[in-house]
Amino acid sequence: MKRIAIVMNPRSGTLARSGDELVEALRDHPSVCRIGDLVEDGDNALAAAMDSEADAIAIAGGDGTIRAVTEQALEAKCRLPLIPLPLGTANLLPRALYGDRDALTILDEVDGYDRHELAAGSLDGNLFLIAAGIGFPTALARARESLRDDSRRHPLSGALRGTAAALGQAFRPRLTCRFDGRKVSGRASGLYVTLATDPLHETLTDTPDAGFAAVLTSWRHIGDMAAAPVDTLTRTDNPDARTRPACFDTAEIRSRKPLAAMVDGEPLTLGRLARITRLPDPVTVLKPTA
């Protein structure tokens, strides 16, 4: 039986809502040899897991926790495979790897999983394994986060202001892009970029071996937004289209204002220039045999 060390954020998503019962179930699982608490131990939790006798490291938390611990593992040259458990809200990477399996089912099945290398992307030094976005609708992600922020006195009003700002940004194309050094004609209101772990990657481009697949959005009114899914499905090559698919290995995005962005569902703010590149080292995970 594989020995699993868990790096856990007890304040994330499902763990925070479920309380001690789920934590105890993880702790008592026969494959688990240790649990490190990110709240109590910080960066030492991952280091202790790497130094343990574990065969793999499971990450128990939401998308933000998974991304942060994976980033630390890459920096530390961790040789143990990772197991991102679906214990957050969106669970983007766990769903891509394990479908609808829950955390305990994954641990039950882990002996039958194989090592698999995932390509990793960087948006201005911020790791992503599924997708990155710039512009609209990333501002909507901020509005969502404000609802989840317990420190705000009036989270609903903040979310409404964020939503209004996002809609305003949606209809004011401000982004200029260069893909692999070539300037893209026109301006865009949003850019959505996926890696090969996202099923969208193969549907957006005929060259899934490229580093990234992307969709540029250019909306000037609500009718453009409503028609966007049709443009995406038909994969039009019209340079004036509301949604334009593309593929590239490197990208450069500029704006006159700071860029609202998100990586694997987590919002962040960048400067007026951002770069997307592929990281040289892949992330090793355990996943079911295809």
Undergrad: Got a sec, which residues hit side-chain contact (heavy atoms from CB on, under 4.5 Å) with Ala73, two or more places apart in sequence or on another chain?
TA: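 If we apply the side-chain contact (heavy atoms from CB on, under 4.5 Å) test to Ala73, skipping adjacent residues, the hits are Leu46, Cys78, Leu82.
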Undergrad: Atom CG in Leu279, atom CG in Leu127: separation rounded to 0.5 Å?
TA: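 It comes to 6.0 Å.
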Undergrad: Under the rule for side-chain contact (heavy atoms from CB on, under 4.5 Å), what residues qualify as partners of Ser31, not counting sequence neighbours?
TA: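 Result, side-chain contact (heavy atoms from CB on, under 4.5 Å) vs Ser31: Met1, Ile4, His29, Leu107.
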Undergrad: Would you give the length of the straight line joining atom CG of Asp63 to atom CZ of Phe128, rounded to the nearest 0.5 angstrom?
TA: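 One finds 14.5 Å between CG of Asp63 and CZ of Phe128.
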Undergrad: Measuring only between side-chain heavy atoms, which start at C-beta, is Leu175 closer than 4.5 Å to Ser189?
TA: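 Heavy-atom side-chain distance check fails, nothing below 4.5 Å.
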Undergrad: Quick check: closest heavy atoms across Leu123 and Gly133, and the distance to 0.1 Å?
TA: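 Closest approach of Leu123 to Gly133: CD2-O, 4.4 Å.
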Undergrad: Check whether any side-chain heavy atom of Met50 lies under 4.5 Å from a side-chain heavy atom of Ile57, and answer yes or no.
TA: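 Touching, per the 4.5 Å side-chain cut-off.
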Undergrad: Quick check: do Ile59 and Ile83 have side-chain heavy atoms less than 4.5 Å from each other?
TA: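 A side-chain contact is absent here, since even the closest heavy-atom pair is not under 4.5 Å.
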Undergrad: Run the side chain to side chain contact (heavy atoms under 4.5 Å, CB included) check on His116 and Leu286 step by step: do they pass?
TA: CA-CA 6 Å; His116 183 80; Leu286 291 180; over 6 Å; no
Undergrad: What closest approach, in Å, do Gly125 and Ser122 show between heavy atoms, and which atom pair accounts for it?
TA: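 Looks like N-OG, 3.0 Å.
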Undergrad: Side-chain contact, heavy-atom cut-off 4.5 Å: Phe212 with Ile276?
TA: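 Touching, per the 4.5 Å side-chain cut-off.
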Undergrad: Can any side-chain N or O of Asp51 pair as donor or acceptor with the backbone N or O of Ala48 at less than 3.5 Å?
TA: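 Judged by distance alone, no pair lies under 3.5 Å.
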Undergrad: To check you understand the geometry: which heavy-atom pair defines the closest contact between Ala54 and Leu80, and what is its length?
TA: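 So the minimum-distance heavy-atom pair works out to O-CD2, 3.6 Å.
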Undergrad: Among residues at least two apart in sequence or on other chains, which ones pass side chain to side chain donor-acceptor pair (under 3.5 Å) with Gln72?
TA: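 Partners of Gln72 by the side chain to side chain donor-acceptor pair (under 3.5 Å) criterion, ordered by chain and then number, come out as Asp43.
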Undergrad: Can you tell me how far apart CD (Glu71) and CG (Leu129) are? Round to the nearest 0.5 Å.
TA: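 Going from CD on Glu71 over to CG on Leu129, the span is 9.5 Å.
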Undergrad: Under the rule for side-chain contact (heavy atoms from CB on, under 4.5 Å), what residues qualify as partners of Asp124, not counting sequence neighbours?
TA: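 Asp124 satisfies side-chain contact (heavy atoms from CB on, under 4.5 Å) with Asn126, Leu270, Ala274, Arg275 once adjacent residues are dropped.
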Undergrad: Kindly indicate, with the supporting measurements, whether the criterion side chain to side chain contact (heavy atoms under 4.5 Å, CB included) is fulfilled by Leu273 and Ile253.
TA: CA-CA 6 Å; Leu273 170 64; Ile253 303 95; over 6 Å; no
Undergrad: State, yes or no, whether a side-chain contact exists between Pro86 and Ile106 at a heavy-atom distance under 4.5 Å.
TA: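 A side-chain contact under 4.5 Å exists here.
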Undergrad: As an exercise, state the distance from CG of Leu195 to CG of Asp264, rounded to the nearest 0.5 Å.
TA: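 The CG atom of Leu195 sits 8.0 Å away from the CG atom of Asp264.
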Undergrad: With sequence neighbours left out, which residue pairs that include part of residues 3-12 fulfil the side chain to side chain donor-acceptor pair (under 3.5 Å) condition?
TA: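 Qualifying pairs: Arg3-Asp55, Asn9-Ser12, Asn9-Thr65, Ser12-Thr65.
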Undergrad: Specify the closest pair of heavy atoms between Asp111 and Lys2, including all atoms of both residues, with the distance to one decimal.
TA: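 Scanning both residues, the minimum pair turns out to be OD1-N, 2.7 Å.
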Undergrad: Can you measure from CZ (Phe179) to CG (Leu191) and round to the nearest 0.5 angstrom?
TA: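 Result: 5.0 Å between the selected atoms.
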Undergrad: Quick one, Leu22 with Leu87, criterion side chain to side chain contact (heavy atoms under 4.5 Å, CB included). Give me CA distance, side-chain angles, the key distance, then yes/no.
TA: CA-CA 10 Å; Leu22 179 55; Leu87 294 171; 3.7 Å; yes
Undergrad: Can you see which heavy atom on Ala49 is nearest to which on Ala5, and at what distance?
TA: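 In this case the closest contact between Ala49 and Ala5 is CB-CB, 3.9 Å.
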Undergrad: Suppose we screen for side-chain contact (heavy atoms from CB on, under 4.5 Å). Which residues come up paired with Arg182, at least two apart in sequence or across chains?
TA: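 Once residues adjacent in sequence are excluded, the partners of Arg182 under the side-chain contact (heavy atoms from CB on, under 4.5 Å) criterion are Asp180.
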Undergrad: Between atom CD1 of Ile66 and atom CG of Leu93, what is the distance when rounded to the nearest 0.5 Å?
TA: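 One finds 6.0 Å between CD1 of Ile66 and CG of Leu93.
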Undergrad: What residue pairs, at least two apart or across chains, pass salt bridge (charged side-chain N to carboxylate O under 4.0 Å, His left out) with a residue in residues 74-102?
TA: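 Applying salt bridge (charged side-chain N to carboxylate O under 4.0 Å, His left out) to every pair that reaches into residues 74-102, excluding sequence neighbours, yields Lys77-Asp281, Arg95-Asp100, Arg101-Glu109.
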Undergrad: Ignoring hydrogens and angles, write down the donor-acceptor pairs under 3.5 Å from the side chains of residues 254-263, residues two or more places apart or on other chains.
TA:
from   : atom 1 : to     : atom 2 : distance (Å)
Arg254 : NE     : Glu252 : OE2    : 3.4
Ser255 : OG     : Lys257 : N      : 3.3
Ser255 : OG     : Lys257 : O      : 3.3

Undergrad: Which pairs, with at least one residue in residues 64-98 and sequence neighbours excluded, count as a ring-ring contact (aromatic ring centres under 6.0 Å, His included)?
TA: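 Only Tyr98-Tyr113 qualify under ring-ring contact (aromatic ring centres under 6.0 Å, His included).
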Undergrad: Give every residue pair that meets the salt bridge (charged side-chain N to carboxylate O under 4.0 Å, His left out) criterion with at least one member in residues 25-42, sequence neighbours excluded.
TA: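 Output for this query lists Glu24-Arg27.
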Undergrad: Quick one: do Leu104 and Val285 end up in the same hydrophobic cluster if we chain Ile, Leu, Val, Met, Phe, Trp and Tyr together by side-chain heavy atoms under 4.5 Å apart?
TA: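 Yes: a chain of side-chain contacts under 4.5 Å links Leu104 to Val285.
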Undergrad: Return the minimal non-hydrogen interatomic distance between Ala58 and Leu85, and the atom names on each side.
TA: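 For Ala58 versus Leu85, the nearest heavy atoms are CB-CD1, 4.0 Å.
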Undergrad: Check whether any side-chain heavy atom of Thr194 sits under 4.5 Å from a side-chain heavy atom of Val215, and report yes or no.
TA: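 No, side chains not in contact.
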Undergrad: Determine yes or no for a side-chain-to-main-chain donor-acceptor pair under 3.5 angstrom, with Thr284 supplying the side chain and Glu117 the backbone.
TA: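 A pair under 3.5 Å: no.
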